[in-house]
Amino acid sequence: MIKNYSSRDLTIRKASANDIHSIQVVFSHARKFMREHGNPHQWGDGKPYPYVIEKDINAGDCYVVIAEGKIRAVFSLIPGPDSTYRVIREGEWKNRRPYIALHRAASDGTVHGIVKTAVEYCEKEYPDFQDIRADTHKSNIVMQNALKKAGFEQCGIIRIENGDKRIGFHLDLANLKTSESACGSAKSEFVRKDSAGKDLSDFAQTK
């Protein structure tokens, strides 16, 4: 496992208990963004809860993205199987290979490209995995577009622990690399929002 990863002016590393407050600030920005863009219910009750953040950190699955000395984004990469992905309706997963689950991806709004960068980091952190799964709320159009832009395909409907529906997405890295080699490699990068704040960052993604 790599200890950290630097790309341009960004550093990605595993989160620690000392990062919890900063992570909660990022999630607070994400909740506000979702409320303002037609998705008030996905994390409307204060999710992700602190105990979920702590669980991800203790398992070594939570990563923070640092820019200009501050935590600007966060995501979790969790080796499957994920119990909520066991059953998918109105479609099917692309394959049954072992996969990494991408969860709780969020930005504070000063950077975007979280999904693409998480995928890039996943390839480095988990080189033996060729598949990534994710899910998002039907109202989270920004995240749906971000997942598709990163190469994920919409596969069907899953249900999370409380029974709520989410759209399931699957990225087959082997197929993605084949497509990129034919069309030219697409590299991810974070971009600052403009002075008017018009960039719609992919703020939040999962359960």
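Keep in mind that the numbers below use all heavy atoms, side chains included, and drop hydrogens, waters and symmetry copies.
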I need the N175 CG to K94 NZ distance, nearest 0.5 Å. 5.5 Å
ILVMFWY network linking L171 to I157, side-chain heavy atoms under 4.5 angstrom: yes
Do the side chain of D19 and the main chain of S16 share a donor and acceptor less than 3.5 angstrom apart? yes
Decide yes or no for C122 and F129: does some side-chain heavy atom of the first lie under 4.5 Å from some side-chain heavy atom of the second? no
Output for pair (M34 CE, I141 CD1), nearest 0.5 Å, gives 13.0 Å
Hydrogens and angles aside, do Y85 and D135 bring a side-chain donor and acceptor to less than 3.5 Å of each other? yes
For residues 52-61, run the donor-acceptor check on the side chains, cut-off 3.5 Å, and write out each pair with its distance to 0.1 Å, sequence neighbours left out.
unit_1	atom_1	unit_2	atom_2	d
D56	OD1	R104	NH2	3.3
D56	OD2	S76	OG	2.7
D56	OD2	R104	NE	2.7
D56	OD2	R104	NH2	3.2
N58	ND2	E54	O	3.2

Would you indicate whether the side-chain heavy atoms of V64 and R13 approach each other to under 4.5 Å? yes
If only atom types and distance count, is the side chain of T117 paired as donor or acceptor with the main-chain N or O of G113 below 3.5 Å? yes
Locate the shortest heavy-atom distance separating S22 from I71; write the atom from each residue and the value. CB-CD1, 3.8 Å
What pair of heavy atoms forms the shortest contact from P127 to Q130, and how long is it? O-NE2, 4.1 Å
Measure the shortest side-chain to side-chain distance between C155 and I88 over non-hydrogen atoms and say whether it is less than 4.5 angstrom. yes
Not counting sequence neighbours, which residues clear salt bridge (Lys or Arg N to Asp or Glu O under 4.0 Å) with R97? List them please. D131, D172
Taking every non-hydrogen atom, the tightest pair across A30 and A106: CB-CB, 3.9 Å
Is it true that atom CD of Q154 has more than 12 heavy atoms of other residues, nucleotides or ligands lying nearer than 6.0 Å? yes
How about K148: does its NZ atom have over 12 heavy atoms from other parts shown lying under 6.0 Å from it? yes
Among residues at least two apart in sequence or on other chains, which ones pass ring pair (Phe, Tyr, Trp, His ring centres under 6.0 Å) with F27? W43
Joint cluster assignment, Y126 & F152, ILVMFWY side-chain distance < 4.5 Å: yes
Quick check: do T110 and H29 have side-chain heavy atoms less than 4.5 Å from each other? no
From CA spacing to verdict: salt bridge (Lys or Arg N to Asp or Glu O under 4.0 Å), R31, E36: CA-CA 9 Å; R31 285 191 292 270; E36 293 173 349; over 6 Å; no
Hey, could you give me the CG/CD1 distance between L102 and I114, rounded to the nearest 0.5 Å? 10.5 Å
F75 and L173: same hydrophobic cluster, using ILVMFWY side-chain contacts below 4.5 Å? yes
Whether the side chain of Q144 engages the backbone of H137 through a donor-acceptor N/O pair (distance < 3.5 Å, no angle test) should be reported. yes
Distance-only polar pair, side chains of N140 and H37, donor-acceptor under 3.5 Å: no
Go through the steps to decide whether V65 and V74 satisfy the test side-chain contact (heavy atoms from CB on, under 4.5 Å), and finish with yes or no. CA-CA 6 Å; V65 179; V74 59; over 6 Å; no
Can you find a heavy atom in the side chain of I158 that is under 4.5 Å from one in the side chain of I160? yes
Should Y99 and D82 count as side-chain neighbours, where that means a heavy-atom distance under 4.5 Å? yes
Do L10 and I66 touch side chain to side chain, with heavy atoms closer than 4.5 Å? no
Distance (rounded to the nearest 0.5 Å) between H103 NE2 and R133 CZ: 11.0 Å
Hydrophobic cluster membership, F169 vs Y121, 4.5 Å side-chain cutoff: yes
Less than 4.5 Å apart, side chain to side chain, heavy atoms only: is that true for R159 and R89? yes
Shortest non-hydrogen contact from I23 toward A15: CD1-CB, 4.0 Å
Under 3.5 Å, is there a donor on one side chain and an acceptor on the other for E125 and Y63? yes
Determine whether I167 and L147 fall in the same hydrophobic cluster, where Ile, Leu, Val, Met, Phe, Trp and Tyr are linked whenever their side-chain heavy atoms lie under 4.5 Å apart. yes
